[in-house]
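Here's the structure, in structure tokens; my notes come after.
All values below were derived from every heavy atom in this structure, side-chain atoms included, with hydrogens, water molecules and symmetry-related copies excluded.
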Amino acid sequence: MLVLTVIQGPDKDRRFELPDHEPQQIGRSSESLPLTDRTISRRHAELTPDEGRWYIRDLKSSNGTFVNGVRVTDSRMLRPGDQVRAGGTLIVFGEDPKRRTPGRTQKLRPVGRGEMEVALEHAVPSNDDSVIMSSPEPSQAAQFQLNVIYDLLNLIGNVRDRQELVERVMEVVFEHFDADRGFVLLNDEPGNEPQPVVVRRRHDNVTGRINKDAGAPIPYSRTIVQYVMRRGMGVLTSNAMTDQRFASGDSVQGYHIRSAMCVPIKYKDRLYGVLHLDSQVANYTYTEDQLALLTAIGVQTGLAIANMRLIEQRLRAERLAAVGQTVASLSHSIKNILQGMRGGADVVELGLRKGNTPVVKSGWDIVSRNLERIYELTMNMLAFSKQRKPELEMTNLNPLMDEVVALMGTQYEHKRVALIADLAENMPPLPLDGGGIHQAVVNLLSNALDACAEDKGAVTLSTDFDDATDEVVITIRDNGEGMSPATRRRLFQPFHSTKGLKGTGLGLVVTKKVVEEHGGRIEVESKAGEGTTFTIRLPIAIGAAPSSADTHGPGVVSN
């Protein structure tokens, strides 16, 4: 006579004999197969005999009925050894538990990745208490494995942090594998003992990272982990407590580990760690197909970790190259300024030695100009490197622009270039970081002055209010030499300058950064020989200005 044996749940170890010709109902209100599990519906599933075969169908239960991990959607024939899950209860259908043939070893070779070959050791000792889950139908098994690999590849493609990767891999594993506990152990260097970084238990709601400072021991079997690390192959045991390979381990006996799977996380010859699952159910064991699937997950995880390391190495190399370029550019600019200061100091010394006041004054003018250049360079470096939110205050724009005109007036007079201020009346106050906008406009006026010819250049600084967009508009227009398309494309690149020894390549970058910190934008119109117009647009409403870390990319450039 066929029987149903409860191997997991509140009614564990109960046995129900199935009569040959009478349908039976599983449920909390069933008279023939009553169960006390509150996650089971009152009328959960029905077993129907037909010419010596038994069929199961779900009775529209709340939590569904599963056979060998596959949800039952219509009538399905049961075979001895099949496992039926209803709510939190796991039931085995059949007479005698199946036994697995010991001592088989096979190779898993993913298509096109011969270097990822991983061995699976299926040496599972005979155990009278073990019930091996029957394999689903081939089409269902293929669909199940495809879903697991798809979920895994999808998360691998979207995760760039190693810790987050292994945490989410464990979530995928627990979603598709029936386990009491799961661990991921990783080593930072080849040959080191792997350390636990992720733990998951059945009763936990989420996967958690290991807190190494908590002091409590991490309950995983070092015997099994060391065995896998030493051999570099996945292993499956139906009862680790009686398995001669692991029975001597104190952790195996202490944690009552029954069925367990442990697979390497590796890529080529680099072993990064292991992925370990185990169950404490006495008469339950994983299958070879599950071991092969878990091993494939370990291989893909190893590939993802290896790829992350390559990306980290490339980023590190790019950062070093960027640092080298920055240092070289700054060193070049500072050297030019210091050379100017030294020349001015020599002129001052000559004038002092000869008692010639006009010579001293001309030398001091050189020193003063270079002091101003190094001050501007320092301020631009600080503004460029510091990520901050602007300190916004309601500010009248026109008085701020008057200060800028007064500051730049002397330089314009020295080159005999006209600086015209055309400031609109009745401008509304707006949220500004006064110091930042002041620096941005000074940078643009300085560039405009350098672009204009001596004696016949003219620069106009104007302000206006755009009713259509509720924006304040600041415009700096010059009649200078203009820019070529190639120059415009590189306009906002750090350390790119067309001024030769005079430029640092940071002024426009800092200006764009300041404007975007205010939630505004900067636009450029320029043609070679026809001058250049820079337009700054600032919103008048206080909103969530973006972080400076988000303000990347070029400004808006027009012909």
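Within 6.0 Å of the CZ atom in Arg162, the count of heavy atoms belonging to other residues, nucleotides or ligands exceeds 12.
Residues that satisfy the side-chain hydrogen bond (donor to acceptor under 3.5 Å, both in side chains) test with Gln24, not counting sequence neighbours, are Ser32. Residues meeting the side-chain hydrogen bond (donor to acceptor under 3.5 Å, both in side chains) test with Thr36, sequence neighbours left out: Asp11. Under the side chain to side chain contact (heavy atoms under 4.5 Å, CB included) criterion, Arg270 pairs with Asn187, Pro190, Tyr272, Arg309, not counting sequence neighbours. Shown here are the side chain to side chain contact (heavy atoms under 4.5 Å, CB included) partners of Asp37, two or more places apart in sequence or in another chain: Pro10, Thr39, Ile40, Thr89. The side chain to side chain contact (heavy atoms under 4.5 Å, CB included) test applied to Leu165 returns Leu155, Ile156, Val159, Val169, Thr301, Ala304, Ile305, Met308, not counting sequence neighbours. Annotation: side chain to side chain contact (heavy atoms under 4.5 Å, CB included) contacts of Ser41 (sequence neighbours excluded): His44, Ser61, Ser62. Shown here are the side-chain hydrogen bond (donor to acceptor under 3.5 Å, both in side chains) partners of Arg537, two or more places apart in sequence or in another chain: Asp466, Glu471.
Partner of Pro194 under the side-chain contact (heavy atoms from CB on, under 4.5 Å) criterion, out of Val228, Val225, Ile265, Leu271: Val225 alone. Only one option out of Ile297, Val299, Leu275, Leu293 pairs with Val263 in a side-chain contact (heavy atoms from CB on, under 4.5 Å); it is Leu275.
Contact detail for Met170 and Gly182: the closest heavy-atom pair is CE-C, 3.6 Å. The two residues Gly87 and Arg85 come nearest to each other via the heavy atoms O-CG, 3.5 Å. Closest approach of Arg181 to Phe174, counting heavy atoms only: C-CZ, 3.7 Å. When all heavy atoms are compared, the tightest approach of Lys266 to Lys268 is CE-O, 3.5 Å. A pairwise comparison of heavy atoms in Val197 and Gln163 identifies O-NE2, 3.1 Å as the closest pair. Across all their heavy atoms, Ser75 and Tyr55 have their closest contact at OG-CB, 3.5 Å.
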Inset, instruction - Evaluate side-chain contact (heavy atoms from CB on, under 4.5 Å) for Val70 paired with Arg76, printing each intermediate quantity in order. - result: CA-CA 11 Å; Val70 179; Arg76 172 169 176 167; 3.9 Å; yes
Inset, instruction - Please lay out, stage by stage, how Val84 and Leu78 fare under the test side-chain contact (heavy atoms from CB on, under 4.5 Å). - result: CA-CA 9 Å; Val84 178; Leu78 293 176; 4.2 Å; yes
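Here the CD1-CG distance, from Ile26 to Leu4, works out to 6.0 Å after rounding to the nearest 0.5 Å. Within the model, atoms CH2 of Trp54 and CG of Asp82 stand 14.5 Å from one another, a figure rounded to the nearest 0.5 Å. Between atom CG of residue Leu2 and atom CZ of residue Phe16 there is a gap of 15.0 Å, rounded to the nearest 0.5 Å. Here the straight-line distance linking atom NE2 of His518 with atom CG of Leu392 works out to 5.5 Å at 0.5 Å rounding. Atoms OG1 and CG, from Thr5 and Leu90 in turn, are 11.0 Å apart once rounded to the nearest 0.5 Å. Summarising the geometry, atom CD belonging to Gln300 is positioned 11.0 Å from atom OH belonging to Tyr267; distances are rounded to the nearest 0.5 Å.
The main-chain N or O of Gln25 is found under 3.5 Å from a side-chain atom of Ser30 such that the two form a donor-acceptor pair. In this structure a side-chain-to-backbone donor-acceptor pair under 3.5 Å is missing from Arg14 to Leu35.
Applying the salt bridge (Lys or Arg N to Asp or Glu O under 4.0 Å) rule to pairs touching residues 46-58 yields Glu46-Arg57, sequence neighbours excluded.
With contacts defined as side-chain heavy-atom distances shorter than 4.5 Å, the pair Glu517/Asp433 does not qualify. For the pair Glu193/Gln226, a side-chain contact is recorded, criterion being any heavy-atom separation below 4.5 Å from C-beta on.
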